[in-house]
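Before any comments, here is the structure.
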Protein chains: 2
Amino acid sequence: MKRSRPRGTADLILDTAERLVQTRGFNAFSYADVSEELGIRKASLHHHFATKAELGAALIDRYHRSFCDALRAIERGSDDARERLTRYIELYGSVLRRKRMCLCGMLAADVDTLPAAMRASVATFFAENETWLAGMLDAGRRSGALRFEGTSASVARFFVSSLEGAMLVARGGGGGKVFDAVAHHLLAEVGKGAGQARRPARGRQRAARGRTA
Amino acid sequence: MKRSRPRGTADLILDTAERLVQTRGFNAFSYADVSEELGIRKASLHHHFATKAELGAALIDRYHRSFCDALRAIERGSDDARERLTRYIELYGSVLRRKRMCLCGMLAADVDTLPAAMRASVATFFAENETWLAGMLDAGRRSGALRFEGTSASVARFFVSSLEGAMLVARGGGGGKVFDAVAHHLLAEVGKGAGQARRPARGRQRAARGRTA
DNA sequence: GTCTATAACGAGATAGAC
DNA sequence: GTCTATCTCGTTATAGAC
């Protein structure tokens with residue numbers, strides 16, 4: 001665990017801006033909003049982040065690093081693929097419970113209006129996210145803990161899309177049950193085996209009958 | 001099919017505004033944008049839609065009705081549950097191919113900044129969408145054409161979320177392969193394999209999936 | 001129904017004092 | 001690093017002529 005040192009002004013600005021973007025979108029928050037909340041003049045904000053594009057880029061950068069830290073924490077926290085997957089899903093769930101959208105999910109909606117640098121960073125976030133997840137899925141399949149059809153890359157895209165969509169639709173009015181449903185079905189997708197055996201679809205798959213405790 | 005009668009000014013405004021919202025979001029388009037594109041002064045736009053909130057409400061209303069028409073067309077077009085499901089997924093795919101986000105998916109991202117009336121309409125769109133889909137899934141399960149775990153409502157939420165998320169992430173940089181992956185796995189979720197997965201030579205699923213690409 | 005003109009406000013950004 | 005003051009532009013919206 002990182003020591004949480006006293007946060008500088010730049011960090012406080014990022015904290016506030018991050019929440020505003022996650023809830024309102026990049027085009028619906030302003031320096032004035034951050035200024036009011038922090039009790040700092042707009043001009044001072046420009047001292048730390050000269051332009052809104054620069055602030056936006058810094059937001060993605062920090063969010064991305066923070067997300068990668070969380071992924072490493074998942075790796076350290078458990079060896080079991082299903083447990084890791086559950087914690088991965090919970091990463092998204094915790095964001096939603098704070099009434100936020102994933103930062104990059106929100107920015108993906110705004111993508112046509114973003115500066116090129118931000119657009120590229122959003123794409124990178126999703127790509128690396130999917131790459132990590134695919135690696136985890138592959139390891140799980142090799143160990144027999146997970147069972148799924150198709151390539152791990154394809155399933156990883158499915159997971160990321162579904163989780164981002166769950167947050168979106170939940171916020172759009174569906175509420176928490178939307179996310180719960182998606183989390184449940186995604187886990188089932190990779191062979192939520194032992195407890196609730198899938199319908200005995202005769203010889204559905206001859207490979208990887210691996211069951212875990 | 002409805003005759004396409006000559007479109008009035010209000011319809012043209014809605015057409016343009018709809019595309020702008022679907023690509024840029026509700027807060028990143030302006031009367032000036034619509035004005036420039038249609039060659040009509042801003043003040044004239046206000047004659048048709050007095051406020052932006054009113055325009056937004058009209059957008060959702062028309063989109064919702066159009067979507068319901070498409071659902072009815074699916075019901076008329078085929079009796080087969082899997083075929084209906086494929087066409088349902090293709091509804092989303094066609095929007096994405098036009099480089100747009102689902103209108104209500106986009107508005108779901110903007111939800112914290114929307115007028116209350118619009119927010120309620122967005123929620124209704126998703127709710128009715130899920131209700132229709134759940135009914136379709138139930139009928140498919142009864143007929144034996146579909147096979148899935150859990151309630152139809154839960155699976156319907158999963159479908160809508162995943163499809164919305166697929167559009168979001170695809171636009172965020174993932175591209176068309178994201179949507180293809182999601183479409184594929186969603187179909188598998190309802191028992192694509194009931195005997196077909198073992199015979200990959202059979203052309204049906206391939207053809208169906210090809211249209212989604 | 002469409003126009004010109006303008007009001008009233010908020011946005012991102014800059015200059016320069018302290 | 002933070003401030004006051006200001007600039008310029010874009011936004012939604014209105015008044016009133018044609």
- prompt: For the side chain of A:K42, counting heavy atoms from C-beta on, which of D:dT4, D:dT12, C:dG12 is nearest?
  reply: C:dG12

Donor + acceptor pair across side chains of B:T113, B:N27 (<3.5 Å): yes

query: Could you state the CG-P distance from B:L12 to C:dG1, rounded to the nearest angstrom?
result: 13 Å

- prompt: Is the A:Y88 ring parallel, tilted or perpendicular to the A:F67 ring (thresholds 30°, 60°)?
  reply: perpendicular

- prompt: Where the side chain of B:S30 is defined as all heavy atoms beyond and including C-beta, which of C:dA13, D:dT12, D:dT2 is the nearest nucleotide?
  reply: D:dT12

B:S44, nearest nucleotide to its side chain (from C:dG12, C:dC3, D:dT4): C:dC3

field: Gap between atoms OH and P, on A:Y31 and D:dT2 respectively (whole Å)
entry: 14 Å

- request: Just compare C:dC3, C:dA13, D:dT2 and give me whichever is closest to any side-chain atom of A:K52.
  value: C:dA13

query: Taking the side chain of B:R41 as its heavy atoms from C-beta onward, which of C:dC3, C:dA11, C:dT2 lies nearest to it?
result: C:dC3

query: Should the ring pair B:H64 and B:F125 be called parallel, tilted or perpendicular, given that the plane angle runs from 0 to 90° and is split at 30 and 60?
result: perpendicular

task: Can you tell me the distance, in whole Å, between the NE2 atom of A:H48 and the P atom of D:dG1?
output: 6 Å

- prompt: From the list C:dT14, D:dT12, D:dT2, which nucleotide is the closest neighbour of the side chain of B:H46?
  reply: D:dT12

- prompt: Taking the side chain of B:A43 as heavy atoms from C-beta outward, which of C:dA11, D:dT14, D:dG1 is closest to it?
  reply: D:dT14

